[in-house]
Amino acid sequence: MKRYIYNKVSLSLLSSAIFLLSSCYDLTEMSHNPYEIEGNGGTANGEVINVDDDTKYADINLSFAVTAEDSAYWKEYISAVPNDFRSFLYQSYYSQYQRATNLTHDIYSGYGAYNQPKHMNGSPRYGYTDGWSAYRWEDFYNQRCTEYRNILRALKFNDTPDRYKNMFYKTRIYMAFVLLAHTDTYGDMPCKEYVQAKIPEQNNVAYNTQEEIYDCMFRMLEQAVDSIKPNDDSQYNLTDDDICYFGDDLKWLRFANTLRLRMALRISNVDPERAKKEGEAALNNQYGLLESNEDNMQTVPKYAPVSIGGEDAGGDENGMAMCSVAYGGEFVLSWDMEQFYRNLSTGGAEYTIKTGRTGSTTKVIDPRCLKCWYRAHMTSETLAAGEESLREDYAGCHRNAQDDLLSMSVLNYSLTKTQPKPTSKDLNPDFYFNYCRPHVWLGYAESLFLKAEAVLRGWSGESLTLSVEDFVRAGIKASMEHYSVDAAEAQSYIDGVVAFNDGTFQSGDNERILEALITHKWMAVFPNGNEGWADFRRTDYPALEGMYDIETGTVTNTSGDPILDHHLIKRILYPNSESQNQYYQNNAELQEKNRQSTRLWWDVDDTMDDNGNRKTYNNFR
């Protein structure tokens, strides 16, 4: 038996608290400790609600009670749920995109590099900048967890909680999705008290290990998929404010299963037995996985028209387009990605570079490059016109480039292909990084690559109807369709894929097959740096260059951690505000692990050796 009584927090305080907190656990604006049971724990009439939870989900359920007064408050709060849910969906992955994601994950994944010299001694070269990186942590705990907590309490503590069950569990699915991005950034972190919609003790918040967090997320997804009843017209539902799936329960269920499979593969090296159990449960669930690009989990910028899920706002554009084009060329194509665009296939799209007065050179490249990037040496004038020079080629920047190779006045590298305003309100297929382009966080193409790896690992599932090679082919095709690539160019690329023609998939060498699979998956997952970086740390594929320049012996590491002179970054530091958290202060092991060279629980091996060379990997343990 567990009994918790919570007193009401005023609506005005809930909405303003995020601006008043001096640290992410500073609850001094609250009138009392939210865990304190006052007297007999009741209201004036002494009413107490007891919760008896003996289920396997007891430690993640809302296993507490509220007073009758508070229940009345939460019934009124139902009217605020649509706005909170919309914000929870939008801001969780997109809030302060440059500081929280682009300056870290989008670079560490290998997708892009930074061309802004004044930023380079910060996170691009592993230097921890609290004003940048701490934002991700603080936004999650201060704002997103508040939205989540308020939504769940309102949906539970009312006269007809069964009517809100589907909405309750869709919120939980998305919370698991958000938690994944954060634990894969930090590792151990506070989790379960927030999952249970509690308000932790002031400045003394317990951490959970990453293994415990994964267990929590797996069970959240299992419980949600088992609890949601799709197409039940009696259920409370949101359409316009569900800016991901517009109230489609079946899409939410397919998303939850696909997320579960992603997570299962993430732990396949560290806990293969649990990985197989969770993966096969997802693969054999009655609702299936993502079925098409229409099922993609994505964030539609507020700048986008209402018709595609935006708000037709004047700002809040596509985050990567802003970091690249709108900010004058700060974020650019990486050298790694340029090489993969050129070398993974002998087929693809032809493009011409003019030479001299009448000459030209024709090259073949991955068609997605032509959709996503401008050629080098754009200027403010050509960016404003959306026209690139046909005398230039595509050019990627080394992520370990020295300052003399970086310039914001001469744009030597490729920027995102972004349609200029005001025509950028339309989704022109020739400009993938349109300002209103949705940002995909888990897509149909990725789901096909997940199935490919499940087959490679010998997992069983009703939907595993293809070979590893054929699932990889299907994943590439789905990615091409997402980018609106011409069908003939897409087929030319697929037919010319080197790994399909050099015997890789017939070799019987699972590690060799996995490298080809993950490399093409990495290309399809772009521009999701969260997942690109996580999958790279898990598998050590694709073969990205290191930050240490072996040829010159140049060390670019500015973190102060000497291990990172030759090794790659593995996580991001906890924010400085954690020095105020008593649990963190009293946990010497947690403090010792708080280095950017510390591997996460599921990351079983370093990518580089102590000399900065790539190692030989074993992803089948």
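Just so you know, residue 1 is the first one in the sequence shown, and it goes up from there.
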(message) Looking at K615 and D540, is any side-chain nitrogen of the basic one under 4.0 Å from a carboxylate oxygen of the acidic one?
(response) no

(message) Whether D502 and R512 form a salt bridge (side-chain N of Lys/Arg under 4.0 Å from carboxylate O of Asp/Glu) is what I want to check.
(response) yes

(request) Examine distances only and state if a side-chain atom of E212 and a backbone atom of T209 form a donor-acceptor pair shorter than 3.5 Å. (result) yes

(request) Take the angle between the ring planes of Y483 and Y432 and call it parallel below 30°, perpendicular above 60°, tilted in between. (result) tilted

(request) Mind running salt bridge (Lys or Arg N to Asp or Glu O under 4.0 Å) on D393 and K363 for me, showing each step along the way? (result) CA-CA 10 Å; D393 202 349; K363 295 185 177 182; 2.6 Å; yes

(message) Strictly below 4.0 Å, N to O, side chains only: are E392 and R375 in salt-bridge contact?
(response) no

(request) Any chance you could measure Y435, atom OH, to L427, atom CG, to the nearest 0.5 Å? (result) 14.5 Å

(message) Between K521 and D535, does any side-chain N to carboxylate O distance fall below 4.0 Å?
(response) yes

(message) So, taking the atom named CD in E330 and the one named CG in L406, what distance separates them when rounded to the nearest 0.5 Å?
(response) 11.5 Å

(message) Which label fits F433 and F526: parallel for a plane angle under 30°, tilted from 30 to 60°, or perpendicular past 60°?
(response) perpendicular

(message) Does the Lys NZ or Arg CZ of R537 fall within the cation-pi geometry relative to W533 - under 6.0 Å from the ring centre and within 45° of the axis?
(response) yes

(message) Between E531 and R262, does any NZ, NE, NH1 or NH2 come within less than 4.0 Å of an OD or OE carboxylate oxygen?
(response) yes

(message) Between D188 and K593, does any side-chain N to carboxylate O distance fall below 4.0 Å?
(response) yes

(request) Anything under 30° is parallel, anything over 60° is perpendicular, the rest tilted; go ahead and classify Y97 against W441. (result) tilted

(request) Report yes if the side chains of Y548 and N557 come closer than 4.5 Å at any heavy-atom pair, otherwise no. (result) no

(request) Measure the CG-CE distance between D366 and M523 for me, rounded to the nearest 0.5 Å. (result) 4.5 Å

